[in-house]
Enquirer: 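Sharing a structure with you now.
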Amino acid sequence: MYSLFSFFLLLFLLISCNDKSKSEDLFSLAFLIFPVISTNINMEDKFQSARVTSFYRKDGNIEFQDILIEYKLNSSDVTFETVEAYVGKPNEISFNAQTNQISGFFQRKEDLFQTNSIVFSYSDYSKKFKVFLTVKKEGKVISYRELTTSPPNPPTIPPNSITLPSISYESKRSVIGGIEYQVIRVRFQAGSDLSAFKQLNAYIGRPSIISLAADNFNVINYISASFYDTSSQNFLFITPELNSTYKIIVIGSTADAKGNRSIDTIPPPPPVSPCVGSVNAPTTIGNCANHCLVIDLVGNQMEYTAKATIESANEDYLYLDTTSSTVSDSNGPATFSYTEIFTPINTGTYQTDQRTFDVLTYHEECVVLSSYFVKDGPKGFSDNYISGKVIVP
């Protein structure tokens, strides 16, 4: 109200002193004064408490500071209000209450999950920063706190005066989510007492590239790191590179000492081919004096049939079939074939209809051929099953 009174008083004096003043001069004067009135924003104090803490962290050769902002609100409308923090250099970041804007910051984060905390990381632990912690409603700042960080002190690295227990590893192939990975587990010697260690980490990398830093404690040029899982009692690494070798460096520290171990790995052998034991055609599986499969290769066509020999004319029942399948037990390239005969059954050789498939259109490395033979008669029931894998050229 005082500003409005002053404005109209000034207009009155100008008009009374010079009644020839131009209307545009009055408009210009009003333009200069009214924005100050219209942008006056009343801030609330929504924060019960707010504090900032800096932590030192080293990753390889880079020394970070992690800036943790913790706060409590007096009250919060989670539907319409958000908490955001802005971090910047002290001489650059600022808040303009007239425009309701924060400028000069290099990073902004929102407490999306309402944890009452926000974390920033910066790759220089020696810097000091200014933080604006804000409560926003409908995109506008309605409350804020200004905080200043202090650089963290790097921890004192203890001397190399302990020897870590011996380590070993196991590596195997494992299918995870339909993709095959190399899974490496690193373990300490069985029965090792690790209770004194405050930190146990392992790092994996190329054997010729990964190495210890000059302090013999931090690791540089590594691919990934792993913490020691006390429940499974190992360090775990998973990589899609099935045939790669690695060097793994394990570092550990107690309250007053540090040490390290390293080990070189070799990749796990590839799984045994499911076609191991396959034979080339032409070939015979079984004994044709009793029951067999006869396989031949004519050009690009693989041909096969099942045969059974009957030595007694007293049999009452005969059944003989042949089946093709893949090593994974899927249907094979040719259809099922069988023959079934009831009494009278003469002595001699019986066989199924010949089956044929084109080896050029069959994309498996081998094919599984099998046959089942049954006979029944005065001497009783008997059966026989034969199977074998044949290479598909």
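These numbers come from the heavy atoms of this one structure, side chains and all, not from hydrogens, waters or symmetry mates. Since this is a predicted model, take the numbers as computed values, not measurements.
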Enquirer: Please test Phe129 against Phe120 for ring-ring contact (aromatic ring centres under 6.0 Å, His included), starting from the C-alpha separation and ending with a verdict.
Expert: CA-CA 11 Å; Phe129 298 103; Phe120 294 100; 9.3 Å; no
Enquirer: Under a plain distance cut-off of 3.5 Å, with no hydrogens placed, do Asp358 and Thr361 share a side-chain donor-acceptor pair?
Expert: no
Enquirer: Measuring centre to centre across the rings, with the benzene-like ring taken for any Trp, is Tyr86 within less than 6.0 Å of Phe95?
Expert: no
Enquirer: If you measure from the Lys or Arg side-chain nitrogens to the Asp or Glu carboxylate oxygens, is any gap between Glu110 and Lys136 under 4.0 Å?
Expert: no
Enquirer: Side chain of Asn100, backbone of Val141: donor and acceptor closer than 3.5 Å?
Expert: yes
Enquirer: Please determine, by modelled atom types, if Tyr319 and Asp321 share a side-chain donor-acceptor pair under 3.5 angstrom.
Expert: yes
Enquirer: Say you draw a straight line from CZ of Phe197 to CD1 of Ile162; how long is it, rounded to the nearest 0.5 Å?
Expert: 4.0 Å
Enquirer: With ring-ring contact (aromatic ring centres under 6.0 Å, His included) as the criterion, how do Phe188 and Tyr228 come out once you've worked through the C-alpha distance, each side chain's angles and the decisive distance to 0.1 Å?
Expert: CA-CA 10 Å; Phe188 289 107; Tyr228 184 70; 5.5 Å; yes
Enquirer: Should Leu369 and Val359 be counted in the same cluster of Ile, Leu, Val, Met, Phe, Trp and Tyr side chains packed under 4.5 Å apart?
Expert: yes
Enquirer: Would you tell me whether Tyr317 and Glu340 have side-chain atoms, one donor and one acceptor, within less than 3.5 Å of each other?
Expert: yes
Enquirer: Side chains of Tyr246 and Ser171: do they bring a donor and an acceptor to under 3.5 Å?
Expert: no
Enquirer: Checking Glu241 against Arg206 for the salt bridge (Lys or Arg N to Asp or Glu O under 4.0 Å) test, could you report, in this order, the C-alpha distance in whole Å, the side-chain angles of both residues, the deciding distance, and whether it holds?
Expert: CA-CA 12 Å; Glu241 298 178 342; Arg206 309 294 182 199; 2.8 Å; yes
Enquirer: For the pair Ile295 and Met302, evaluate side chain to side chain contact (heavy atoms under 4.5 Å, CB included) and give the outcome as yes or no after the intermediate values.
Expert: CA-CA 7 Å; Ile295 302 105; Met302 184 169 287; 3.9 Å; yes
Enquirer: Do other residues, nucleotides or ligands put more than 12 heavy atoms under 6.0 Å from Gln48 CD?
Expert: yes
Enquirer: If hydrophobic clusters are built by linking Ile, Leu, Val, Met, Phe, Trp and Tyr wherever their side-chain heavy atoms come under 4.5 Å apart, do Phe132 and Val135 end up in the same one?
Expert: no
Enquirer: Whether the Asn96 and Ser94 side chains hold a donor-acceptor pair (N or O, under 3.5 Å, no angle test) is what I'd like checked.
Expert: no
Enquirer: Would you please classify the geometry between the Tyr125 ring and the Tyr56 ring as parallel, tilted or perpendicular, with 30° and 60° separating the classes?
Expert: perpendicular
Enquirer: Would you call Lys389 and Glu364 a salt bridge, taking side-chain N to carboxylate O under 4.0 Å as the test?
Expert: no
Enquirer: Check the surroundings of atom NZ in Lys109: do more than 12 heavy atoms from other residues, nucleotides or ligands lie under 6.0 Å from it?
Expert: yes
